[in-house]
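Below you'll find the structure, written out as structure tokens, and then a few comments.
Every value quoted in this text rests on a predicted model; they were computed, and no experiment measured them. For reference, positions follow the sequence shown, starting with 1.
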Amino acid sequence: TSALAPGAAYDLELPAGAVCHPSQGPVRAASRAVLSGPAPFEFPFLQQDEPPAAQAYRALRPQFRRLDLWLRHGLADEAAGLAGLRAALALEPPLPLDLSRPAPGVLRIHAPFAPAT
């Protein structure tokens with residue numbers, strides 16, 4: 001067996017009559033499911049659906065000194081993980097930034113964001 005590739009889609013087909021476990025009987029009808037490998041490591045900076053034009057400016061630009069990002073993958077060692085992410089991140093234009101985890105699935109970027117940022 002091999003690991004599922006990140007971001008790849010797979011078809012899982014179970015034919016009628018297949019036995020999945022010795023203590024269970026055969027499957028009555030064929031079944032099919034679509035599976036995916038692990039999601040690629042990324043931060044969803046932009047919303048999937050475009051907001052209305054009147055809201056686009058506010059929705060896609062930070063209004064405060066922090067920006068919360070969904071962290072769908074955990075960090076094995078929080079301190080080392082945050083230090084590694086901090087070393088890998090850069091903002092344009094360059095801004096001093098700090099990272100924290102207010103919740104297990106949230107990465108918070110603290111920086112002096114301005115409207116032109």
Closest non-hydrogen atom pair, V27 against C20:
CG2-SG, 4.3 Å
For the CG atom of L89 and the CD1 atom of I109, what is their distance to the nearest 0.5 Å?
5.5 Å
Quick check: does any side chain N or O of Y10 sit under 3.5 Å from a backbone N or O of A5, one acting as donor and the other as acceptor?
yes
Kindly indicate whether the side chain of L107, heavy atoms from C-beta on, has any atom under 4.5 Å from the side chain of D68.
no
If you measure from CZ on R108 to CG on L69, what distance do you get to the nearest 0.5 Å?
10.5 Å
In short, P96 meets P112 closest at the heavy-atom pair O-CD, 3.3 Å
Minimum-distance pair of heavy atoms, taken over all atoms of L82 and L99:
O-CD1, 3.7 Å
If Ile, Leu, Val, Met, Phe, Trp and Tyr residues are connected whenever their side-chain heavy atoms lie under 4.5 Å apart, and connections chain through other members, are L4 and L14 in the same group?
no
Let's go through V34 and L12 carefully: what are the C-alpha distance in whole Å and the side-chain angles of both, what is the deciding distance for side-chain contact (heavy atoms from CB on, under 4.5 Å) to 0.1 Å, and is it a yes or a no?
CA-CA 6 Å; V34 177; L12 175 65; over 6 Å; no
So does L97 get a backbone contact from the side chain of R86, meaning a donor-acceptor N/O pair under 3.5 Å?
yes
Could you name each residue pair satisfying salt bridge (charged side-chain N to carboxylate O under 4.0 Å, His left out) that touches residues 2-20, not counting sequence neighbours?
D11-R32, E13-R32
